[in-house]
Amino acid sequence: GDRLLPLLRASAVKGGRPKIVNVASMAGRLRQLSPALQAQFASEALDRNRLVSLVENFVAAVQSGRHKEMGWSNSNYGMSKLALIAFTRLVAREEPTIQVNACCPGYCRTDMSSNRGGQDPSVGAR
């Protein structure tokens with residue numbers, strides 16, 4: 001991801017309208033965390049080092065089996081999407097000449113949903 005940033009910045013300098021769209025999920029909601037952790041992930045002061053540290057803390061908490069009592073989610077998928085959303089917001093702050101967004105395609109019929117999703121992936125891609 002970061003290796004593409006110089007190319008996207010150069011595009012903006014030349015009048016282009018570079019965009020980054022990360023595919024997130026509603027599973028990445030803040031409320032899966034304790035209020036203290038929510039505040040850290042939502043902080044406008046969150047930087048890359050702190051985000052990496054938070055994710056490492058989650059991994060360690062899961063490995064210890066104490067993640068729930070420590071205020072973490074019980075969903076690895078949800079946490080991965082929460083971290084992606086936090087990273088998206090962070091990059092958007094760092095890169096004012098690049099449009100940076102995260103989107104949720106919804107519950108689509110894919111292998112991941114065992115084809116139980118309510119919509120075709122082409123709808124989610126819009």
Side-chain angles (χ1 to χ4, degrees):
D2 283 349
R3 291 184 180 182
L4 292 175
L5 289 174
L7 295 172
L8 295 170
R9 289 181 198 121
S11 173
V13 168
K14 294 176 184 175
R17 296 175 42 200
K19 296 171 181 59
I20 298 171
V21 179
N22 291 320
V23 180
S25 168
M26 294 301 289
R29 65 195 177 282
L30 279 170
R31 67 180 172 188
Q32 67 186 302
L33 302 174
S34 69
L37 287 168
Q38 288 178 30
Q40 291 181 62
F41 275 92
S43 172
E44 293 294 317
L46 182 68
D47 62 20
R48 290 165 184 264
N49 290 334
R50 182 65 187 136
L51 179 56
V52 168
S53 178
L54 284 166
V55 172
E56 289 172 345
N57 290 346
F58 169 68
V59 170
V62 169
Q63 289 173 337
S64 75
R66 298 182 54 230
H67 57 287
K68 288 299 287 179
E69 69 187 74
M70 296 171 73
W72 294 101
S73 172
N74 204 37
S75 169
N76 290 331
Y77 178 76
M79 283 303 303
S80 73
K81 293 304 183 175
L82 180 97
L84 176 66
I85 293 166
F87 181 71
T88 300
R89 294 181 70 227
L90 183 154
V91 173
R93 286 194 306 272
E94 291 178 348
E95 302 292 339
T97 64
I98 301 171
Q99 184 179 347
V100 185
N101 291 301
C103 66
C104 174
Y107 192 46
C108 297
R109 284 185 302 278
T110 62
D111 290 345
M112 187 173 167
S113 70
S114 300
N115 292 304
R116 291 184 302 228
Q119 63 187 11
D120 189 79
S122 65
V123 174
R126 290 186 199 156

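- The distance from atom CD of Q38 to atom CD of Q32, rounded to the nearest 0.5 Å, is 9.0 Å.
- Hydrophobic cluster membership is shared by L33 and V62, with clusters built from Ile, Leu, Val, Met, Phe, Trp and Tyr side chains linked at under 4.5 angstrom.
- Following chains of ILVMFWY side-chain contacts shorter than 4.5 Å, one can reach V100 starting from F41, so the two form part of one hydrophobic cluster.
- Taking every heavy atom of both residues into account, W72 and A61 meet most closely at CD1-CB, 3.6 Å.
- Hydrophobic clustering (side-chain heavy atoms under 4.5 Å, transitive across Ile, Leu, Val, Met, Phe, Trp, Tyr) groups L51 together with L5.
- When all heavy atoms of S25 and I85 are compared, the pair lying nearest together is O-CD1, 4.0 Å.
- A heavy-atom distance below 4.5 Å is not found between the side chains of N76 and M79.
- Rounding to the nearest 0.5 Å gives a distance of 12.0 Å between OG of S34 and CD of E69.
- Judged by distance alone, with hydrogens and angles left aside, the side-chain atoms of S43 form a donor-acceptor pair with the main-chain N or O of A45 at under 3.5 Å.
- Both L82 and L46 sit in one connected hydrophobic cluster of ILVMFWY residues. Membership requires side-chain heavy atoms under 4.5 Å apart, directly or through other members.
- For the atom pair C104 SG and R29 CZ, the distance stands at 11.0 Å (nearest 0.5 Å).
- Evaluation of the salt bridge (Lys or Arg N to Asp or Glu O under 4.0 Å) rule for R9 yields E95 as partners, not counting sequence neighbours.
- To the nearest 0.5 angstrom, R50 atom CZ is 6.0 Å from N57 atom CG.
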Expected list for residues 11-22: side-chain donor-acceptor pairs under 3.5 angstrom, two or more places apart:
| unit_1 | atom_1 | unit_2 | atom_2 | d |
| --- | --- | --- | --- | --- |
| K19 | NZ | R17 | O | 3.1 |
| N22 | ND2 | T88 | OG1 | 2.8 |

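- Residues L30 and F87 are members of one and the same hydrophobic cluster, defined by side-chain heavy-atom contacts under 4.5 angstrom among Ile, Leu, Val, Met, Phe, Trp and Tyr.
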